[in-house]
There are 2 protein chains.
Amino acid sequence: MSRRNTDVSDQFSEHACALAEVVDRVSGKWAIGVLVAAAAGPIRFTELERTVEGISRRMLTLTLRNLERDGLLIRTVYPTVPPKVEYELTDVARELHESLAGLTAWAERHRTTIAEARRAYDAKTAG
Amino acid sequence: MSRRNTDVSDQFSEHACALAEVVDRVSGKWAIGVLVAAAAGPIRFTELERTVEGISRRMLTLTLRNLERDGLLIRTVYPTVPPKVEYELTDVARELHESLAGLTAWAERHRTTIAEARRAYDAKTAG
DNA sequence: CTGCATCCCTATGGATACTG
DNA sequence: CAGTATCCATAGGGATGCAG
């Protein structure tokens with residue numbers, strides 16, 4: 001057993017903090033959806049609204065603003081009529097998207113395991 | 001430019017969905033903190049309360065229950081007096097913790113970049 | 001088409017007193 | 001020590017009408 005009260009604290013400050021930041025950035029129900037939808041190339045507001053299923057106009061706007069603010073999305077306005085706005089991932093966001101691949105793999109590997117764990121837990125809790 | 005309306009939809013269903021699941025599981029302010037704190041080995045309730053700074057007793061309990069429910073934490077009760085309960089990561093959770101490394105790296109690489117982007121955005125918005 | 005403003009409801013989370 | 005129960009504040013998010 002390792003001496004946890006001392007050496008863990010350091011790891012904690014470093015790891016957990018940085019991790020919490022990135023998760024915060026990608027949390028909320030919609031950020032990921034938008035990120036993935038935009039990963040394939042520039043995409044318009046309405047296209048996003050259709051692609052990210054279930055998102056409301058308001059939440060789409062808010063999510064886009066936040067991602068733009070963090071430098072993950074580039075917003076390009078074409079002053080045409082009717083107006084046209086395209087959103088595109090920045091390089092930083094692309095890196096993020098790639099880093100997320102590991103997580104996706106994990107999720108797919110253990111999806112059923114987790115569902116099963118949940119079922120078991122709920123059954124045990126209810127009974 | 002690729003045909004987005006057709007081929008993106010598939011990627012979307014697969015990627016975004018799995019990703020959203022895992023992020024949901026790790027979202028909330030505390031799950032990550034607890035996960036990281038428990039990564040170094042079995043840890044007791046009170047130790048967690050001290051290690052995960054700022055967490056309330058209530059939220060610690062809720063977070064622990066959720067992680068246990070998803071099969072990410074093992075809860076072991078030692079029927080001693082005073083009571084002693086230890087929480088330990090499951091193998092699945094360890095895998096998750098490792099997958100998270102890529103994200104941590106990303107966060108640390110771009111932490112300042114993002115902070116800067118934010119500053120710039122806010123300045124532009126305010127002005 | 002893009003997106004802001006408003007209203008309103010619910011989930012999340014903090015504080016804290018109490019129990020086995 | 002390890003929780004549970006309760007109360008309360010706030011933030012997240014849905015619906016929708018209005019505007020450039």
(message) Between P on dT6(C) and CG on L62(A), what's the gap in Å once rounded to a whole number?
(response) 14 Å
(request) Begin with the C-alpha distance, continue with both residues' side-chain angles, and end with the deciding distance and a verdict on side-chain contact (heavy atoms from CB on, under 4.5 Å) for K29(B) and M59(B). (result) CA-CA 9 Å; K29(B) 274 155 92 171; M59(B) 288 317 295; over 6 Å; no
(request) Identify the two heavy atoms, one from L89(B) and one from A39(B), that lie closest to each other, and give their separation to 0.1 Å. (result) CD1-CA, 3.7 Å
(request) Measure the distance from CG on L60(A) to P on dC4(C) and round it to the nearest whole Å. (result) 10 Å
(request) Provide the closest heavy-atom pair for A107(A) versus V22(B) in the form atom of the first, atom of the second, distance. (result) CB-CB, 4.2 Å
(message) What is the separation between atom CD on E49(A) and atom P on dG3(C), rounded to the nearest whole Å?
(response) 10 Å
(request) Provide, to the nearest angstrom, the distance between the CZ atom belonging to R25(A) and the P atom belonging to dG12(D). (result) 14 Å
(message) Applying a 4.0 Å non-hydrogen cut-off, can you work out what T61(A) is touching in the nucleic acid: base, sugar-phosphate, or nothing?
(response) sugar-phosphate
(request) Using whole Å, report how far CZ of R44(A) lies from C1' of dC1(C). (result) 7 Å
(message) Quick test of your reading of the model: are E108(A) and R111(A) salt-bridged, counting only N-O distances below 4.0 Å?
(response) no
(message) Tell me the interatomic distance from L64(A), atom CG, to dG3(C), atom C1', rounded to whole angstroms.
(response) 10 Å
(message) Quick one: does any side-chain atom of W106(A) pair with a main-chain N or O of A93(B) as donor and acceptor, under 3.5 Å?
(response) no
(message) Please determine whether a side-chain nitrogen of the Lys or Arg among E116(B) and R119(B) lies less than 4.0 Å from a carboxylate oxygen of the Asp or Glu.
(response) yes
Sort me out a list of protein N/O and nucleotides 14-18 of chain C N/O pairs below 3.5 Å, or just none if empty.
unit_1, atom_1, unit_2, atom_2, d
dG14(C), OP1, K29(B), NZ, 3.4
dG14(C), OP2, W30(B), NE1, 3.3
dG14(C), O6, R58(B), NE, 3.2

(request) Whole angstrom is fine here: how far is it from CZ in R65(A) over to P in dG12(D)? (result) 17 Å
(request) Taking only the side-chain heavy atoms of Y87(A) (C-beta and beyond), determine which of dC1(C), dG3(D), dG3(C) contains the nearest atom. (result) dG3(C)
(message) Tell me the interatomic distance from E68(B), atom CD, to dA2(D), atom C1', rounded to whole angstroms.
(response) 13 Å
